Each structure stands twice: as C-alpha cells, then as structure tokens.
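For reference, the structure discussed in these notes is given below.
Source: prediction; values computed, not measured.
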Amino acid sequence: GDEGARHIFTAIIRTHSLLKVLELNDNVISDFGAHYIATAIESDKCVLTHLRLCGNEIGDGGARHIANAIQIAECTLTHLDLSGNRIDINGAHHIATAIESGHSKLAYLNINSNAMEEAVSDVISQA
C-alpha cells in the first residue's frame with residue numbers, strides 16, 4: 001500500500017539506487033502513495049526508467065502528482081504503466097498536459113482499464 005510505496009521510494013532516493021525497472025502492481029497504492037512516488041521520480045537521485053503501477057487505486061490526484069513529476073528535467077522515466085487504476089478524464093488530462101509540455105521523456109504510456117470511459121459516459125448522460 002501507500003506506506004510500502006513510501007518506504008521503497010525513500011530508500012531509492014537515500015541510497016542513490018541504480019534500480020531502473022520497478023513493478024508495484026496490485027498493491028493498493030492510492031493517491032497518497034502516488035505522491036511519494038512522484039516525489040521520488042522527480043529527484044535527480046532516482047534513475048528509474050520503467051515504472052509499472054497496474055491494478056492499484058491511483059485516481060486523479062495521484063495522476064496529477066505523477067504528471068507534474070514527469071515534466072521535471074531530472075525525471076528519467078521513459079515507460080509508465082498506470083493501467084487498471086481509478087484515473088478518470090481529469091487525471092488523463094493532467095497526464096496529457098504533461099506529455100504535451102515537451103519536457104516528459106516518456107516513450108511508452110499505458111492507461112488502459114481506468115475510469116475514463118465511465119467519466120465520459122457520465123458527462124454525456126448529464127448533457
């Protein structure tokens with residue numbers, strides 16, 4: 001969960017870890033955990049290039065934290081997998097804005113199986 005994410009990413013920063021690939025799938029990480037993750041990946045002490053956070057509980061707040069982090073020059077992520085979370089249209093907008101900024105190094109992004117389709121359906125049904 002969130003505490004586990006905090007411990008892992010704190011260790012990565014403190015030890016100047018050479019870890020390049022990290023998979024934290026299905027660990028009940030929420031927006032709070034995503035905040036810890038974002039703080040780490042924007043650090044020049046983190047050299048992760050591939051991060052998989054599939055099947056967690058990251059929503060729009062967590063997507064915003066991660067989107068802000070991937071725009072930071074020190075962020076080394078090239079592959080990000082956020083599939084199977086709770087990101088809706090607002091979170092997708094934050095990520096899209098980060099990519100459009102031209103500062104992100106992402107070459108691969110997976111946000112399949114999130115709440116975006118439900119959010120679009122809700123907006124259409126309210127119109």
Side-chain angles (χ1 to χ4, degrees):
D2 296 331
E3 272 304 296
R6 183 178 68 81
H7 290 299
I8 289 168
F9 284 95
T10 298
I12 287 171
I13 292 173
R14 283 189 184 155
T15 63
H16 299 265
S17 173
L18 298 178
L19 189 65
K20 298 277 188 184
V21 178
L22 181 60
E23 296 191 17
L24 291 172
N25 304 326
D26 303 310
N27 279 291
V28 198
I29 296 170
S30 73
D31 292 347
F32 295 109
H35 174 73
Y36 299 127
I37 292 165
T39 299
I41 64 175
E42 68 187 23
S43 167
D44 62 351
K45 297 175 178 99
C46 180
V47 295
L48 284 176
T49 57
H50 293 65
L51 180 60
R52 293 194 60 190
L53 298 168
C54 313
N56 283 291
E57 297 181 2
I58 297 169
D60 290 341
R64 182 175 35 83
H65 292 306
I66 291 170
N68 290 338
I70 64 173
Q71 295 180 77
I72 304 296
E74 289 77 16
C75 181
T76 56
L77 279 187
T78 58
H79 290 69
L80 177 61
D81 192 337
L82 293 169
S83 60
N85 279 281
R86 297 180 178 183
I87 299 167
D88 74 18
I89 198 94
N90 295 319
H93 175 74
H94 291 299
I95 294 169
T97 300
I99 292 167
E100 290 173 347
S101 75
H103 300 293
S104 168
K105 295 175 184 73
L106 284 185
Y108 173 86
L109 172 66
N110 184 354
I111 54 172
N112 288 329
S113 301
N114 273 281
M116 288 176 281
E117 294 172 355
E118 294 171 20
V120 171
S121 296
D122 289 346
V123 169
I124 290 170
S125 68
Q126 292 173 2

[atom1]-[atom2] distance between [X] and [Y], expressed to the nearest 0.5 angstrom:
X      : Y     : atom1 : atom2 : result
Leu18  : Cys46 : CG    : SG    : 11.0 Å
Cys54  : Asn25 : SG    : CG    : 4.0 Å
Asn110 : Leu82 : CG    : CG    : 8.0 Å
Arg14  : Ser43 : CZ    : OG    : 12.0 Å

Would one find more than 12 heavy atoms of other residues, nucleotides or ligands at under 6.0 Å from atom NZ of Lys20?
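For Lys20, atom NZ is not crowded (no more than 12 foreign heavy atoms under 6.0 Å).
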Atom NE2 of His94 with >12 non-hydrogen neighbours under 6.0 angstrom
yes
Least distance between heavy atoms, [X] atom then [Y] atom:
X      : Y     : value
Tyr36  : Phe9  : O-CB, 4.1 Å
Ile13  : Ala40 : CD1-CA, 3.3 Å
Asn56  : Leu24 : ND2-O, 2.9 Å
Ser104 : Ile99 : CB-CA, 4.3 Å

Could you list the residues that satisfy ring pair (Phe, Tyr, Trp, His ring centres under 6.0 Å) with His35, not counting sequence neighbours?
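His35 satisfies ring pair (Phe, Tyr, Trp, His ring centres under 6.0 Å) with His65 once adjacent residues are dropped.
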Under the rule for ring pair (Phe, Tyr, Trp, His ring centres under 6.0 Å), what residues qualify as partners of His50, not counting sequence neighbours?
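Applying ring pair (Phe, Tyr, Trp, His ring centres under 6.0 Å) to His50 gives His79.
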Leu80 vs Ile95 side-chain heavy atoms within contact, under 4.5 Å
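Of all side-chain heavy-atom pairs linking Ile95 with Leu80, none is under 4.5 Å.
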Single-linkage hydrophobic cluster [X]~[Y], side-chain heavy atoms < 4.5 angstrom:
X      : Y      : result
Ile111 : Leu53  : yes
Leu106 : Ile58  : yes
Leu77  : Leu109 : yes

Suppose we screen for side-chain hydrogen bond (donor to acceptor under 3.5 Å, both in side chains). Which residues come up paired with Asp2, at least two apart in sequence or across chains?
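With neighbours one apart ignored, the set is Ser30.
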Donor-acceptor pair, [X] side chain versus [Y] backbone, under 3.5 Å?
X      : Y      : value
Asn112 : Ser83  : no
Asn85  : Asn114 : no
Asp88  : Asp60  : no
Thr49  : Thr78  : no

Sequence neighbours excluded and cut-off under 3.5 Å, please list the side-chain donor-acceptor pairs for residues 66-75, or say none.
residue	atom	partner	partner atom	Å
Asn68	ND2	Arg64	O	3.3
Gln71	OE1	Ser101	OG	3.4
Gln71	NE2	Ala67	O	3.3

Glu23: partners by salt bridge (charged side-chain N to carboxylate O under 4.0 Å, His left out), with sequence neighbours left out:
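Listed in chain order: Arg52.
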Holding to salt bridge (charged side-chain N to carboxylate O under 4.0 Å, His left out), I want the full list of residues that pass it with Glu42, two or more places apart in sequence or in another chain.
none
Member of Ile29, Val28, Asp31 meeting the side chain to side chain contact (heavy atoms under 4.5 Å, CB included) criterion with Glu57:
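Among Ile29, Val28, Asp31, the one that satisfies the side chain to side chain contact (heavy atoms under 4.5 Å, CB included) with Glu57 is Val28.
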